[in-house]
Amino acid sequence: MEEFFKTALELIEASEKHEVYRDAECINLIASEGLKSPAVKEMLRLTMDLESRYAEGENDLMGHVKRRYYQGQKYITVIENCVTDLMRMLFRCSWVDIRLVSGTHANLAVFKGLSLTTKSKKMVVTPLSAGAHISHDYTGLAGMVLGLENIEHAYSIRDMNIDPDKSAEIIRAAKPGIVTFGGSLFLFPHPVKELRDVAYEAGAYVVYDAAHVLGLIAGGVFQDPLREGADFITSSTHKTFPGPQGGVILADLRDERIEKAIKNVQFAVFPLSTSNTHLGRLPATGIAALELKIFGEMLAKQTVNNAQTAGQYLYENGLKVLGENQGFTMSHQLAVDVRDYGGGKRVAEELEKANIILNRNLLPYDDQNNREKPSGIRIGFQDVTRRGFAKDDIRYLCDLMLEVIRGKRKPDEVREDVIALRREHGEIKYGFQSLQEAMEHLQRSVKGI
Ligand SMILES: *Cc1c(COP(=O)(O)O)cnc(C)c1O
């Protein structure tokens, strides 16, 4: 009994401490973690009843609620339809599914739906070490859960990108049902328009995994996958898209080929892989979409600027920042080879002691099974950008990182400076400070004032 109560106390204390540690005393450079505005957080707190509800059922070909198997749906249906419409308008597409609870779940539904449509088990994917997500891989969801067979895109280490000419040959020879683009280490736009016709002719659907870059796409930077020829976008809603943790699928119902696929993807969502769809996150996801509609372009541009500023500065100071021949990055991320400083694991752990949080990462020339000792680190700038970091703050942050990486100062000492820098950036920009502020903005806009 006493053990149980002690554990519960420990839980509460750790939860309280975590909020202060990661939200107020660390600088977060993990490329996959978004930062929610005060308005988005307020909306999450407001929807605690919704967080307990169910809304199982089918949707129509716009992504609207068609049939639900529960009572009490009067407002839930409105909420689901509104969030679907906000996402459809933000991404200029005709069909959205927002019932996915994560990006991995979105991939599950799309890969399953498309393999039902094409009756093919083959998919052409980026190698893991070159940036694909584990859910695309034969060692993860695609292989071990769905039984799909991976054939790898050709990858150019020099360009840090898929090699379009060689990949075209691979797709023609393999005749896969799915060709994927997008990934977790993702510096430069993938060659979607160069390869879409090759994929279509081979009988494949083109899936673009935008988990990392969805917020950049909303802001009109990086690339525009649907217009470039992607049939489906799968994504998380909590990386550069600054909403609560969740998933989404987007598509344009252009023709019968897509219609057939959408129906199978919807079947893979429900009944195959959902019961509860975590409704409590939906209104806050809608508020994040609203923020991107208004501030998304500025936010995306500044995020990429900050990443490029850091790339240039770290490079000038002797670090091996990849993608140097193309300006280091066109996204929110950098990849740095830190083998000279003990490798990715050591560097990430040293920086953690200084309260700078980022992750070690495989680089394209690493053995992809060697996840313990990767050569690199990945650095993301979406969080600090939202906290208002611009050129000078970014350079100062890089100086602090360099001191730790080179062993010039003790991480414990640097930590004091990191906490002070974090405290200087108390306000979250490119978003609303409260729901009231968002409402006032909307009411003015609707009235056209
Ligand atoms: C993060 C990520 C995912 C998985 O998203 P979750 O929401 O964490 O399940 C899928 N694909 C890519 C490319 C990712 O980076």
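On a predicted model such as this, the values are computed, not experimentally measured, just so you know. Note that ligands are numbered from 1 as they come in the structure, with each ligand's atoms numbered from 1 the same way.
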Engineer: Can you list the steps and then say if S375 with D366 is a side-chain hydrogen bond (donor to acceptor under 3.5 Å, both in side chains)?
Structural biologist: CA-CA 7 Å; S375 303; D366 285 342; 2.5 Å; yes
Engineer: Keeping to residues at least two apart or across chains, list the ring pair (Phe, Tyr, Trp, His ring centres under 6.0 Å) pairs with something in residues 332-358.
Structural biologist: H212-H332
Engineer: Less than 3.5 Å apart, N/O on ligand 1 and N/O on the protein: could you list those pairs with the distances?
Structural biologist:
residue: ligand 1; atom: 5 (O); partner: S236; partner atom: OG; Å: 2.9
residue: ligand 1; atom: 7 (O); partner: G103; partner atom: N; Å: 2.7
residue: ligand 1; atom: 7 (O); partner: S236; partner atom: OG; Å: 2.9
residue: ligand 1; atom: 7 (O); partner: H238; partner atom: NE2; Å: 3.4
residue: ligand 1; atom: 9 (O); partner: S102; partner atom: OG; Å: 3.3
residue: ligand 1; atom: 9 (O); partner: G103; partner atom: N; Å: 3.3
residue: ligand 1; atom: 9 (O); partner: T104; partner atom: N; Å: 2.9
residue: ligand 1; atom: 9 (O); partner: T104; partner atom: OG1; Å: 2.7
residue: ligand 1; atom: 11 (N); partner: D209; partner atom: OD1; Å: 3.3
residue: ligand 1; atom: 11 (N); partner: D209; partner atom: OD2; Å: 2.6
residue: ligand 1; atom: 15 (O); partner: S184; partner atom: OG; Å: 2.8
residue: ligand 1; atom: 15 (O); partner: H212; partner atom: NE2; Å: 3.4
residue: ligand 1; atom: 15 (O); partner: K239; partner atom: NZ; Å: 2.9

Engineer: Return each pair, listed once, that meets ring pair (Phe, Tyr, Trp, His ring centres under 6.0 Å) where at least one residue sits in residues 353-374; pairs must be two or more places apart or across chains.
Structural biologist: none
Engineer: In plain terms, say whether K345 and E349 are close enough for a salt bridge, that is, a side-chain N and a carboxylate O under 4.0 Å apart.
Structural biologist: yes
Engineer: State whether Y75 and R53 meet the cation-pi test: NZ (Lys) or CZ (Arg) under 6.0 Å from the six-membered ring centroid, and within 45° of the perpendicular axis.
Structural biologist: no
Engineer: Test: ring pair (Phe, Tyr, Trp, His ring centres under 6.0 Å). Region: residues 161-183. Which pairs qualify, not counting sequence neighbours?
Structural biologist: H153-F181
